Enquirer: 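So that we are looking at the same thing, I have put the structure below in structure tokens.
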Amino acid sequence: MKNLTLKSEVLVYEDRSELPEDIANLLAKAEEAATRAYAQYSHFQVGAALLLNNGVVVTGSNQENAVYPCGLCAERTAAFSASSLYPEVPFHTLAITAINPVEPLKEPVSPCGSCRQVLYEYEQKFNQPIEVILSGQVGPVYRFRCVADLLPYTFHAGFLP
Ligand code: THU
């Protein structure tokens, strides 16, 4: 096959000691946020820390409900909170991690499709890539340049009439 390239869009830190300090600090805030999850049904605690262009970090954790679909993921909790508090401030970097109370999570948590779609909206709104950092409790940390890399062939406002 000619003229075909398959590019991996992720930077993998196999060793956490290699993480730049600002990324490690943001991840620590996501870890803290995960401890504030309301996850009494899944017992899977997710934390997100969103650094805005103004330097403010807005955190979120998953919020569950007895009516399961009413719950919200950590990423959307953080994104909606940030957009409500600072509607005109672009999102710079989002760090996400999770706590599995049964066995430490060995691979980076993977944001669901709905969260990717929501984050993509803000990437488009501000015309600025949102860096995404994904982590488990141990093991590698993934770093993506932008949400678009996590959601190819995205539905976007351009399709709408
Ligand atoms: N969850 C998140 O908050 N973010 C993710 O990236 C994956 C899943 C939450 C939703 C639900 O409260 C629990 O984790 C189990 O799916």
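Counting starts at 1 for both ligands and their atoms, in listed order. The shown structure was predicted, so the numbers you read here are calculated from the model rather than taken from an experiment.
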Enquirer: Pairs in or reaching into residues 54-70: which pass side chain to side chain donor-acceptor pair (under 3.5 Å), with residues at least two apart or in two chains?
Expert: R36-T59, S42-E64, S61-Q63
Enquirer: Which heavy atom of A78 sits nearest to which heavy atom of G60, and what is that distance?
Expert: CB-N, 3.8 Å
Enquirer: So, are R143 and E131 salt-bridged, with charged N and O less than 4.0 Å apart?
Expert: yes
Enquirer: Hey, are Q128 and N53 close enough side-chain-wise for a donor-acceptor pair under 3.5 Å?
Expert: yes
Enquirer: Give the residue, atom name and distance (to 0.1 Å) of the protein heavy atom nearest atom 3 (O) of ligand 1.
Expert: A74 N, 2.9 Å
Enquirer: Do any nitrogen or oxygen atoms of I96 lie less than 3.5 angstrom from nitrogen or oxygen atoms of ligand 1?
Expert: no
Enquirer: Go through ligand 1 atom by atom and flag the ones less than 4.0 Å from a non-hydrogen atom of N62.
Expert: 3 (O), 9 (C), 11 (C), 12 (O), 13 (C), 14 (O)
Enquirer: At less than 4.0 angstrom from any non-hydrogen atom of E64, what atoms of ligand 1 do you find?
Expert: 11 (C), 12 (O), 13 (C)
Enquirer: Closest approach of S135 and R16, non-hydrogen atoms and distance?
Expert: OG-NH2, 2.8 Å
Enquirer: Which atoms form the tightest heavy-atom contact between K125 and S83, and what is the distance?
Expert: NZ-OG, 4.4 Å
Enquirer: Non-hydrogen atoms of P111 versus ligand 1: any pair closer than 4.0 Å?
Expert: yes
Enquirer: Show the atoms of ligand 1 that are less than 4.0 angstrom away from any heavy atom in E75.
Expert: 2 (C), 3 (O), 4 (N), 5 (C), 6 (O)
Enquirer: Below 4.0 angstrom, counting only protein heavy atoms, does anything approach atom 16 (O) of ligand 1?
Expert: no
Enquirer: Establish, from distance only, whether the side-chain atoms of Y86 and E88 form a donor-acceptor pair under 3.5 Å.
Expert: no
Enquirer: Under a 4.0 angstrom heavy-atom cut-off, which atoms of ligand 1 come close to F44?
Expert: 14 (O)
Enquirer: Which atoms from ligand 1 have a heavy atom of S42 less than 4.0 Å away?
Expert: 13 (C), 15 (C)
Enquirer: Check the orientation of F159 and F155. Use parallel for under 30°, tilted for 30 to 60°, and perpendicular for over 60°.
Expert: parallel
Enquirer: Looking at atom 1 (N) of ligand 1, what's its closest protein heavy atom, distance included?
Expert: V46 CG2, 3.6 Å
Enquirer: Any heavy atom of S110 sitting closer than 4.0 Å to ligand 1?
Expert: yes
Enquirer: Heavy-atom contacts under 4.0 Å between C73 and ligand 1: side chain, backbone, both, or neither?
Expert: both
Enquirer: Does either side chain, that of S110 or that of R116, offer a donor lying less than 3.5 Å from an acceptor on the other one?
Expert: yes
Enquirer: Heavy atom under 4.0 Å from ligand 1: found in Q63's side chain, backbone, both, or neither?
Expert: neither
